[in-house]
Structures are given as structure tokens and as C-alpha cells.
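This is a predicted model, so every value here is computed, not measured. Every heavy atom of this structure was used, including side-chain atoms; hydrogens, water molecules and symmetry mates were not.
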Amino acid sequence: RPRGRLEADLEVAGTVGEPRLEGSARLTEASAFVVPLGITIEDVELAAEPNAAGELVLAGSLRSGDGILTIRGRAPLEPRGTMVRVELSGQNVVVMDLPDRRVLASTDELTVAWLAERIEVFGDVRIPQATIQLGTDDPDAVTPSRDVVFVRLPPGSERALQDEIDLYARVRLLFGEEVRVSGFGLETGVRGSLLVIEEPGRFTRATGELDLAGGTFAAYGARLELERGRLVFAESAVTRPAIDLRAFRRARSVLVGVEARGTLEQPRVTLWSEPPMPQAEQLSYLVLGRPLGEASQQEGDLLTRAAGSLGLRGGRYLAERLGSLFGLEEARIETGEGGFEEASLVLGKFLSPRLYMAYGVGLFEEGASSILVRYLLSEKLTLEALTGKSTRADVLYVIETGPGEPRPALKPELPEIGRDR
């Protein structure tokens, strides 16, 4: 909804090579709604007047929320490399106001230079206040497949888009005392600073450290307190920081918690407790708030799933131990072709000497589950049916050759429920 008033009184003289411009242009009473950011900029005032050096001097301001952004800049009347150069300054300017995130920004000087085929941005930006809710993206939105690769043309080659302008940025973000992040059970403040670097043909990188200490994290019905939380960026992608997290809860007289180190994509998670105890007991206190011996069968399934979703070293051992505790022939953590993100918990049991049933549920993929039924007609012939992402029925005929012990009667190998044949 752009609106405003533009007045211009200009006189051009001289030659094409050395033009002389006199007069001025002024934009007043202007406003607009910036749809991607959800903000309305109002009271826009911008004036342009030529000076003796053959440049247009720009000066103006705008209001977003309660903050005022001041604009100062210069633009040469003839091409000299830099087309426009402006300095921005302001306090508590609303730069984003969406249902799931509201961000205020302040800067003493943020420089934006527009050259012939590139834009350069550099300076410091403070974030004094922000409220960000994670996990509120549209569930029906289509995201690129993991095998999609974005490729830029090499320098000097014909551009895919003739009007494309490269962006170069080095902006330091400083997070203030009123920055809060929530979502996926996390409630925490964010402190620290990041130097964000943007260059054509490379992923957005960052250097710095963010502190998440003092927040809480809810998982499996328990709320853990963050004793320590750090996200460390060392010329790494902004989406792939190194992590150093430690969270805990008190259950009865036991202090039990989780430590996570490594990267955000592949964290190394371990359990700890005071006093020390076996890992299975630590997991029971963490999830249920009581020892493993007091867990019911349904709670045992929850513990097995927790072992996999936490990414614990030894999670498969925990699954097997919990499975045997509750009378299952099989309980394991199984990863698919996509690695840990496609991990699933598989529970299986022989309902009779000939009938075997297994149930698999995805630990991270919502609604990903499958059921397998296998019936032994003989030692060589088996009927098998699987339903999940796809449904199929198979007739399996086994021929064994080579050395080894004879096949035990009616004891097939346990099926891999998540794999196609």
C-alpha cells in the first residue's frame, strides 16, 4: 500500500559527459507496508540535492514502530564505480513483525553501497529486543528435497538472470537482554554476538558465540533447566554451529541431566547423574523421574524411544535391554538410508512359533510408522506383508548353500522393518 508525495524542481545543463544538475527532489508524507517483514514504514521523508562535487546528497528518515531510522548518503551524477552509498542509523526500529517473530534493531552506522553489479553492506546492528517462536512454519509448505543443489555460474560466464546483483555483507549482530526464543519445548534468552558474512556462491557464514544459559527445555513430560548453553560459530554456516549444552532435572534425591556436544546436525549426547548410576537408570530418572524397576511396559516403550531420539551412544543396547525387560523378542534402534534423521524404533514379537509381528515408528519423522507380519509356511517358504510408506506382500523362498550349521526349524532372521528388498 505505497503512498506519498514527490516534488521535484531540477535543471540540467552542461554536456552529456559532464552534466550539471541544479534544483532538488523531495519525497514527503510517504508510507508503505513491507509484506515479507510484516512492518509498516511511515513518515518517510527523503530529500536529494546536488552539490558542487557533482553528487546528489541524500538525507531523510522513516518510522517503523516507535523507532526512527535516519538516512544519509551520496550518489554521483555520473558513473564512478559507486552508484549510491548511504549510512543508516536508528534506535529500536521494528525490522520484523510477523506472528511468530518480532525483532527490533538499533545501529549507529550501517553502510550500504550500491555498485554497478554488487551491493555491499557492513557495520554493527544491535538487537535489543526480539521474540522468536520456532516450529510455526506452515506444515503444508513444500521444501526442497535434500538432494537439491543450488549452483551459481562462475564469474565471467553468462548470467542466468541479467539483472542479478551480488550481495557482499559483513554485519556484526549484538543480542541484547530482551531477546527470547521459544519452541520445540525450549524457552530461553539469547546473548552474545555474531559476525555474519555473505558472499556470492558461498553459504552464509558466521563467527562468534551465543549463550543460551538460564532457560528451560521440556522433553517427555519433564522440564529440564539449562545449566549451560553455547552455540559456537567459527567461520561456519549459520545453520551449523558447534554446541555445548548441559541441562538437568531433580528427581527425588537424584540430580540427572543431559550433555550435548559436537554440531547441531550431529550432536554427541550423554547422560550424567549425581550420584553416578548406570545409563539405563539415568534415562529412567530423566524421563520418568523414578528408577527403571518402577517403570510399566508402556513407560518402557517411552524409554526405548527416548534412548534413540536423544542420540545416545549405546542407545541400541538400551533398546535391547528394555525389550527383554518387557518380554519382546526384538527392540532396536534402526537407521534408514538417510542416516540418523530416519532412525526408527522397532519392536517385534513372535505371537506363535510361526507368526511374527514387528512395529516400527519414526523417532523424528512425524507419523512415520510401519507394521510387518511374517508367517512361516515351512522352513523354506514364508509369507510376508508390510504396510507403512508403501504397502507390499511378498512370498519368500529360502535356498541355503555353503558350509555352516543347518537352519533352525521355524526360526527366521528378524526382519528389517524399514528396508525394501
Do Arg223 and Glu187 sit within salt-bridge range, that is, some charged N less than 4.0 Å from a carboxylate O? no
Kindly indicate whether the side chain of Phe248, heavy atoms from C-beta on, has any atom under 4.5 Å from the side chain of Leu226. no
side-chain hydrogen bond (donor to acceptor under 3.5 Å, both in side chains) between Arg102 and Gln129: does it pass, once the steps are laid out? CA-CA 8 Å; Arg102 176 179 170 84; Gln129 181 179 340; over 6 Å; no
Do Trp272 and Glu259 pass the side chain to side chain contact (heavy atoms under 4.5 Å, CB included) test, and can you show the C-alpha distance, the side-chain angles, and the key distance before you say yes or no? CA-CA 7 Å; Trp272 60 273; Glu259 280 191 346; 3.8 Å; yes
Heavy-atom side-chain proximity of Val256 to Met277 below 4.5 angstrom: no
I need the minimum non-hydrogen distance between Ser284 and Pro291, along with the two atoms involved. OG-C, 3.2 Å
What distance separates Thr188 OG1 from Leu212 CG, expressed to the nearest 0.5 Å? 5.0 Å
Measure the CG-OG distance between Asp124 and Ser106 for me, rounded to the nearest 0.5 Å. 12.0 Å
Are the side chain of Thr107 and the backbone of Ser89 linked by a donor-acceptor contact shorter than 3.5 Å? no
Is there a donor-acceptor contact under 3.5 Å from the side chain of Ser61 to the main chain of Leu69? no
When you look at Leu271 and Leu283, which way does the side chain to side chain contact (heavy atoms under 4.5 Å, CB included) test go after all the steps? CA-CA 7 Å; Leu271 297 180; Leu283 183 63; 3.8 Å; yes
Output the distance between atom CG (Leu115) and atom CG (Asp166), rounded to the nearest 0.5 Å. 11.0 Å
Arg180 vs Glu178, test: salt bridge (charged side-chain N to carboxylate O under 4.0 Å, His left out). Steps then yes/no. CA-CA 6 Å; Arg180 301 292 302 176; Glu178 298 183 43; over 6 Å; no
Could you tell me whether the side chains of Glu225 and Thr216 share a donor-acceptor contact shorter than 3.5 Å? no
Is the shortest heavy-atom distance from the side chain of Arg228 to the side chain of Asp244 under 4.5 Å? yes
Using side-chain heavy atoms (C-beta onward) and a distance below 4.5 Å, is Ile71 in contact with Leu62? yes
Taking side chain as C-beta onward, heavy atoms only, is Ser378 less than 4.5 Å from Leu376? no
Close side-chain approach of Ile127 to Val103, heavy-atom, < 4.5 Å: yes
Do any pairs count as a side-chain hydrogen bond (donor to acceptor under 3.5 Å, both in side chains) and have a residue in residues 31-42, sequence neighbours left out, and if so which ones? Glu42-Arg63
Contact summary for Leu381 and Tyr397, nearest pair of heavy atoms: CD1-CD1, 4.0 Å
Check whether any side-chain N or O of Thr204 sits under 3.5 Å from a backbone N or O of Val238 as a donor-acceptor pair, and report yes or no. no
Check side-chain contact (heavy atoms from CB on, under 4.5 Å) between Ser236 and all other residues, then give those that pass, not counting sequence neighbours. Phe233
May I ask you to say whether Glu7 pairs ionically with Arg26, meaning some side-chain N is under 4.0 Å from a carboxylate O? no
Does Leu383 form a side chain to side chain contact (heavy atoms under 4.5 Å, CB included) with Leu377? I'd like the steps, not just the answer. CA-CA 7 Å; Leu383 298 179; Leu377 296 176; 3.8 Å; yes
Is there a side-chain contact between Asn92 and Pro128, using heavy atoms and a 4.5 Å cut-off? yes
Could you walk me through whether Ser273 and Gln282 pass side-chain hydrogen bond (donor to acceptor under 3.5 Å, both in side chains), step by step? CA-CA 6 Å; Ser273 65; Gln282 291 173 338; 3.0 Å; yes
Between Gln91 and Ile68, is there a donor-acceptor pair closer than 3.5 Å when you use the side chain of the first and the backbone of the second? no
Measure from the side-chain N and O atoms of Arg392 to the backbone N and O of Ala385, and report whether any donor-acceptor pair falls under 3.5 Å. no
Run Val171 and Val121 through side chain to side chain contact (heavy atoms under 4.5 Å, CB included) and show every step you take. CA-CA 7 Å; Val171 178; Val121 183; 3.9 Å; yes
Flag if over 12 foreign heavy atoms under 6.0 Å of CZ, Arg5: no
Check the pair Arg246 / Glu227 against salt bridge (charged side-chain N to carboxylate O under 4.0 Å, His left out), numbers first and verdict last. CA-CA 6 Å; Arg246 182 179 171 95; Glu227 177 182 322; 3.2 Å; yes
Please evaluate residues Arg126 and Asp108 with respect to the criterion salt bridge (charged side-chain N to carboxylate O under 4.0 Å, His left out), reporting the C-alpha separation (whole Å), side-chain torsions for both, the decisive distance (0.1 Å), and the verdict. CA-CA 9 Å; Arg126 300 185 302 278; Asp108 295 328; 3.4 Å; yes
Return the CG to CG distance between Leu88 and Leu110, rounded to the nearest 0.5 Å. 5.5 Å
Is Arg250 reaching over with its side chain to a backbone N or O of Leu255, donor-acceptor style, under 3.5 angstrom? no
Start with the C-alpha distance between Asp211 and Arg230, add both sets of side-chain angles, then the distance that settles salt bridge (charged side-chain N to carboxylate O under 4.0 Å, His left out), and finish with yes or no. CA-CA 5 Å; Asp211 185 6; Arg230 295 193 308 149; over 6 Å; no
Is the NZ or CZ atom of Arg1 both under 6.0 Å from the centre of the six-membered ring of Phe33 and within 45° of that ring's axis? yes
Heavy-atom closest pair (Glu87 atom, Thr111 atom, distance to 0.1 Å) is CG-OG1, 3.8 Å
SB check Arg74 Glu55 (cutoff 4.0 Å): yes
So, do Arg374 and Met357 sit near enough that their side-chain heavy atoms are less than 4.5 Å apart? no
